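Below is one structure, written out as structure tokens; the observations come after it.
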Number of protein chains: 2
Amino acid sequence: MSSIAQGARARARNEITAAIKEEARRQLAAQGAARLSLRAVARELGMVSSALYRYFPSRDDLLTALIVDAYNSLGEAAEAAADASADAEPLVRWTAVCEAVRRWALAHPHEYALIYGSPVPGYEAPETTIPAAARVGKTLIGVVRAAHRGPGLALLNLPGELRPEAERMAADFAPDLPPETVAALVAAWAQLYGLVGFELFGQFHRVVEDREAFFRHAVTRLAQGVGLH
Amino acid sequence: MSSIAQGARARARNEITAAIKEEARRQLAAQGAARLSLRAVARELGMVSSALYRYFPSRDDLLTALIVDAYNSLGEAAEAAADASADAEPLVRWTAVCEAVRRWALAHPHEYALIYGSPVPGYEAPETTIPAAARVGKTLIGVVRAAHRGPGLALLNLPGELRPEAERMAADFAPDLPPETVAALVAAWAQLYGLVGFELFGQFHRVVEDREAFFRHAVTRLAQGVGLH
DNA sequence: GGAAATCAAGAGCAGTGCTCTCGTAAGTGT
DNA sequence: ACACTTACGAGAGCACTGCTCTTGATTTCC
């Protein structure tokens, strides 16, 4: 198994699973997660709804699969932006990654809402989503790390009460970077999400008009807060 | 009408409307907006589901009413924090307001998700929600304004491409403040939302441990970005 | 007091996620 | 090649949802 030559049955299963996800993603993009209907997906694929449960044991499992895909798609967009600007200055790369995130969000609003929207009930992020979710963060770390290796990173200071926390985060995610930088990076990451979310979810309606320019400026200041220049 | 002495019918209508909202809010807080059911609300109130439509023409209208209430509740919390610290330094007041927002969000996660979550389908924010939604922003403006009247506000600089946008925002929301400050304030507001949202929606899981300290620090830097000190 | 508006209740429609059963087809071991 | 096990699609059905329409009673207003 796991070879190219798999049985006809396994091959069909993979194809059908992919077709289900594809149609589900279409409905998600068109109408949002709330209106995603298993029965409608099955109907569109010409199968009966109960047959779909052979491939996804529940609606939530389908949504989880879509979440992982969305995380990966967003992560790819961020990584592509970082790679494409690999030779540029750190600050340019930073804004390139941030703008890639924003563009992806504007192009896939329902997917963005699905992953960064409101999964409040306690917590429920299945294990499988975690590595995919970390890709954007890892990309930002990579940009900062490149700056750190060059001369492009300023030192920050940190209140004493936050030092242990910062050292723990640094040890977990980027032992080669100064703890102050890692702490600032995590905050900047959350704030990037705030900027994108506010625009996407309509909070900038009748407040910010030139959102592109506004975003670029805000994101530049974010980078400065991390020490890039 | 609109006097204290209203007919028994109007009085009953107000009471029932309030009871519906109360029960709906209970279900919202307990299980989230997705699981809020008109029929369950009616059932709990001992009435038949169709009767409920005399008070709210649709589920969305009920949710809209809850959204307005949530905005007002959050706005009140922010204003209370600003008032309680009216004599303190601007930076202290700023963090007090931000921490009040965070506390409210942690105490009312489903309500917070309802108002700042994902209303993506195009846009649909009904007129009535706008003034309520603006209260937190107005509170932050008030804190900065007080600092501006005193000696507590540093001047910022702004790239030229953003100047017209900043001047427009200032003219709309705070003509007495420098446009640079208003632009920075809007960005800080969105970033505050990002910090709260990331914590609330579980993105800090296994990333940030001492969230209280982390938040306080991030919010202090936010204030510095607006020019408070 | 009578006309008009308001209301609760019930039945009903179309849709949902999900479960269970049943006959059939595909893969597996001997 | 035969029997056995597993995977699968189809259908019926359950409990639930938002919402509409009709019916009969109650309240309000002229």
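Order of the sequence lines fixes the chain letters, A, B, ..., with proteins taken first and strands second; residue numbering starts at 1 for each chain. As the structure is a prediction and not an experimental result, all values here were calculated from the model.
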* To do: Mind calculating the distance between CZ (A/R11) and C1' (C/dA25) to the nearest angstrom?
  => 19 Å

* Under 4.0 Å between any heavy atoms, over every strand shown, what does B/S49 touch: base, sugar-phosphate, or nothing? Just pick one. => base

* ring-ring contact (aromatic ring centres under 6.0 Å, His included) involving A/W94 - partner list, sequence neighbours excluded -> none

* Whole Å only: how far is the CG atom of B/L52 from the P atom of D/dT20? -> 13 Å

* To do: Would you kindly give the CG-to-P distance between B/L36 and D/dC16, to the nearest whole Å?
  => 16 Å

* May I have the distance from A/E15 (atom CD) to D/dC8 (atom C1'), rounded to whole angstrom? => 16 Å

* Counting only side-chain N and O atoms of B/Y55, is one of them less than 4.0 Å from OP1 or OP2 of C/dA8? -> yes

* With A/V97, which of A/V143, A/V219, A/L192 fulfils side chain to side chain contact (heavy atoms under 4.5 Å, CB included)? -> A/V143

* Asked: Between B/F204 and A/W189, what is the ring plane arrangement, given parallel below 30°, perpendicular above 60°, and tilted in between?
  -> tilted

* To do: Determine the interplanar angle of the B/Y116 and B/Y112 rings, folded into 0 to 90°, and report it as parallel if under 30°, tilted if 30 to 60°, perpendicular if over 60°.
  => tilted

* **Residue-phosphate contact under 4.0 Å: B/S37 side-chain N/O, D/dT17 OP1/OP2** => yes

* **Spacing between A/R59 atom CZ and C/dT16 atom C1', to the nearest angstrom** => 9 Å

* Asked: Between residues 38-48 of chain A and DNA chain D, which residues have a heavy-atom gap below 4.0 Å?
  -> A/R39, A/M47, A/V48

* How many Å lie between OH on B/Y53 and C1' on D/dT22, as a whole number? -> 17 Å

* Would you mind reading off the distance between B/R54 atom CZ and D/dT26 atom P, rounded to a whole angstrom? => 15 Å

* Can you check the B/F56 CZ to C/dT6 P distance for me, whole Å? -> 17 Å

* Per the side chain to side chain contact (heavy atoms under 4.5 Å, CB included) rule, which among B/V186, B/L185, B/V182, B/L140 passes with B/V226? -> B/L185

* Audit row: B/D61, B/S58, side chain to side chain donor-acceptor pair (under 3.5 Å) steps and yes/no -> CA-CA 5 Å; B/D61 289 274; B/S58 82; 2.6 Å; yes

* To do: Check whether any side-chain N or O of A/S73 sits under 3.5 Å from a backbone N or O of A/D69 as a donor-acceptor pair, and report yes or no.
  => no

* To do: Using a 4.0 Å heavy-atom cut-off across all strands, classify A/I16 as base, sugar-phosphate, or nothing.
  => sugar-phosphate

